[in-house]
Trainee: 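Quick one: the structure is below, and I'll ask about it shortly.
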Amino acid sequence: MTTTTTTSPQPSRRGFFLVFEGIDGAGTTSQQRWLCERLTALGRGFHKTAEPTGNPVGRLIRGVLRGEHAPFSPHSLALLFAADRADHLSREIEPALADGKIVVCDRYVLSSLAYQTAAGVPIELVRQLNAPFPIPDLTVYFDLPVEIAAQRRAKRGQAQEIFEVDDFQREVAQLYQAQAQAWQASGKPIHFVDAARSFEEVSAQLEALILPALASR
Ligand code: TYD
């Protein structure tokens with residue numbers, strides 16, 4: 001997992017915590033790359049990051065997802081994702097925000113609520129594990145039908161991870177949408193984008209959505 005940090009022009013102000021969420025194949029990773037190129041062009045200080053992280057717990061999780069270890073129970077994986085997140089916050093996210101940077105993170109708490117619940121962990125338990133973590137300043141949910149996401153993943157031709165199975169993705173998508181809507185209903189800052197459109201159309205919507213939100217930072 002690559003992590004990029006650039007110098008912040010305004011180190012004394014608190015930064016902005018931005019998260020991209022969506023099922024596998026929804027395009028969060030490529031749009032994150034695009035946004036960070038845009039931020040570089042604008043001379044904004046940012047920290048590009050993702051979960052699972054490239055830190056020790058995140059590396060263990062990636063091994064599990066590739067099927068390299070004996071299977072971990074859904075519960076133990078939920079604990080690992082929460083541990084990786086706690087470590088990510090204290091090691092990278094909080095220091096970058098304190099330094100005035102825009103943190104652009106691919107996946108966060110909503111991913112656990114969708115995937116770990118779909119894997120069979122009671123949602124209340126997943127909520128409790130994630131309750132201590134701060135709510136991002138803005139979450140963008142990439143909405144995409146599971147069939148289109150499956151076609152895009154097939155085109156990428158990468159090795160399949162244990163969660164990239166059609167029936168499981170269907171379950172994840174339902175939970176993801178329900179949880180994202182519940183966040184919105186409870187007043188948490190989240191926007192939905194139609195990720196079935198072209199890359200350029202999605203980027204244009206992200207630009208219109210995100211750059212004004214960053215203007216005051
Ligand atoms: P992903 O973003 O697909 O990483 P990469 O593109 O580098 O493979 O994340 C890997 C998987 O981890 C993905 O299927 C979603 C899953 N995941 C969870 O199950 N729970 C979580 O809390 C997070 C952050 C990810």
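Just follow the structure's listing: the first ligand is 1, and inside any ligand the first atom is 1.
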Trainee: Compare every heavy atom of Asp24 with every heavy atom of Arg153, then report the nearest pair and how far apart it is.
Mentor: NH1-O, 2.9 Å
Trainee: For Trp183 and Thr139, what are the C-alpha separation, side-chain angles and deciding distance, and is it a side-chain contact (heavy atoms from CB on, under 4.5 Å)?
Mentor: CA-CA 10 Å; Trp183 268 36; Thr139 297; 3.7 Å; yes
Trainee: Do Asp24 and ligand 1 have an N or O pair less than 3.5 Å apart?
Mentor: yes
Trainee: Using the six-membered ring wherever Trp is involved, compare the ring planes of Tyr115 and Tyr176 and label them parallel, tilted or perpendicular (cut-offs 30° and 60°).
Mentor: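 The arrangement is perpendicular - the two ring planes meet at more than 60°.
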Trainee: Write down the atom of Ala119, the atom of Phe168, and the distance for their closest heavy-atom approach.
Mentor: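 It is N-CE1, 3.6 Å.
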Trainee: Number the atoms of ligand 1 from 1 as they appear, then name those within less than 4.0 Å of a heavy atom of Gln116, with their elements.
Mentor: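 Those of ligand 1 that fall under 4.0 Å from Gln116 are 18 (C), 19 (O), 20 (N), 21 (C), 22 (O).
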Trainee: Between Arg62, Arg85, Glu21, which one has a non-hydrogen atom sitting closest to atom 24 (C) of ligand 1?
Mentor: Arg85
Trainee: Look at the rings of Phe133 and Tyr108 and say which category their plane angle falls in: under 30° parallel, 30 to 60° tilted, over 60° perpendicular.
Mentor: tilted
Trainee: Which atoms of ligand 1 are found less than 4.0 Å from any heavy atom of Ser112?
Mentor: 21 (C), 22 (O)
Trainee: Is there a donor in the side chain of Arg85 and an acceptor in the side chain of Ser112, or the other way round, less than 3.5 Å apart?
Mentor: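 Their side chains do contain a donor-acceptor pair, which is all the 3.5 Å distance test asks for.
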Trainee: I need the atoms of ligand 1 closer than 4.0 Å to a non-hydrogen atom of Phe163, numbered in the order shown.
Mentor: 14 (O), 16 (C), 19 (O)
Trainee: Please confirm whether Arg107 comes within less than 3.5 Å of ligand 1 when only nitrogen or oxygen atoms on both sides are compared.
Mentor: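 Such a contact does occur with ligand 1.
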Trainee: May I ask you to check whether Glu21 and Thr28 show a side-chain donor-acceptor distance below 3.5 Å?
Mentor: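 No, no side-chain donor-acceptor contact under 3.5 Å.
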Trainee: Show which atoms of ligand 1 fall inside a sub-4.0 Å distance from at least one heavy-atom site of Glu161.
Mentor: 8 (O), 10 (C), 11 (C)
Trainee: Mark up the atoms of ligand 1 that fall under 4.0 Å of a heavy atom belonging to Leu65, in ascending order.
Mentor: 10 (C), 11 (C), 12 (O)
Trainee: Short list, please: which atoms of ligand 1 are under 4.0 Å from a heavy atom of Glu51?
Mentor: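 That gives atoms 24 (C) of ligand 1.
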